[in-house]
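Everything below concerns the one structure shown next.
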Amino acid sequence: MEINPEHSIIVELKKKSDRDNTDKSVKDLIWLLFDSSLLTSGFSLDEPTHFANRLHRMIKLGLSIDDDEKIEEEDSMPGLVKEGGEGETSTKMEDVD
């Protein structure tokens, strides 16, 4: 993997790291950059759940969601609507197969 030290992402990550080398978001961003470079090069990740967790943390950070805030229950989500009549048991995804 080649790193361009003059790229704006690398420059900003370096600045943030120099300010606070214990910042978990900087560490997450560096790992996301590395993992995404592996994926775009055709490799697979050894631990894809770590990648997903980092990605979720960055999304929460970008949306200013505090981990301590209560997230709405899944019950509040509307149910899925099936295609066709009541007697039909297959869904659209099953029709694809």
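The figures here come from the full heavy-atom set of this structure, side chains too, leaving out hydrogens, waters and symmetry mates.
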Handout entry: Closest heavy-atom pair and its distance - Ile3, Pro5
Key = O-CD, 3.1 Å
Handout entry: Spacing of CZ belonging to Phe51 relative to OG belonging to Ser36, to within rounding of 0.5 Å
Key = 6.0 Å
Exercise for the section: Determine whether Ile9 and Val11 fall in the same hydrophobic cluster, where Ile, Leu, Val, Met, Phe, Trp and Tyr are linked whenever their side-chain heavy atoms lie under 4.5 Å apart. Expected result: no
Exercise for the section: Mind checking side chain to side chain donor-acceptor pair (under 3.5 Å) for Asp20 and listing every partner two or more places apart, or none if nothing turns up? Expected result: Thr22
Problem - Backbone N/O of Leu13 and side chain of Ser17: donor-acceptor pair under 3.5 Å - result: no
Exercise for the section: Give, for atom CZ of Arg57 and atom CG of Asp28, the distance between the pair rounded to the nearest 0.5 Å. Expected result: 4.0 Å
Handout entry: Residue pair Phe34, Leu38: steps toward the side-chain contact (heavy atoms from CB on, under 4.5 Å) verdict
Key = CA-CA 6 Å; Phe34 177 73; Leu38 285 175; 3.6 Å; yes
Exercise for the section: Enter the distance from His56:NE2 to Asn53:CG here, rounded to the nearest 0.5 Å. Expected result: 7.5 Å
Exercise for the section: For Asn4, check side chain to side chain donor-acceptor pair (under 3.5 Å) against everything at least two apart and list the hits. Expected result: none
Problem - Nearest heavy atoms of Leu55 and Leu32, plus distance in Å - result: N-CD2, 3.9 Å
Practice task
State, yes or no, whether a side-chain contact exists between Leu33 and Ile10 at a heavy-atom distance under 4.5 Å.
Solution key: yes
Handout entry: Carboxylate-amine/guanidinium proximity below 4.0 Å for Lys14 and Asp18
Key = yes
Problem - Salt-bridge criterion met for Arg54 and Asp35 (N-O under 4.0 Å) - result: yes
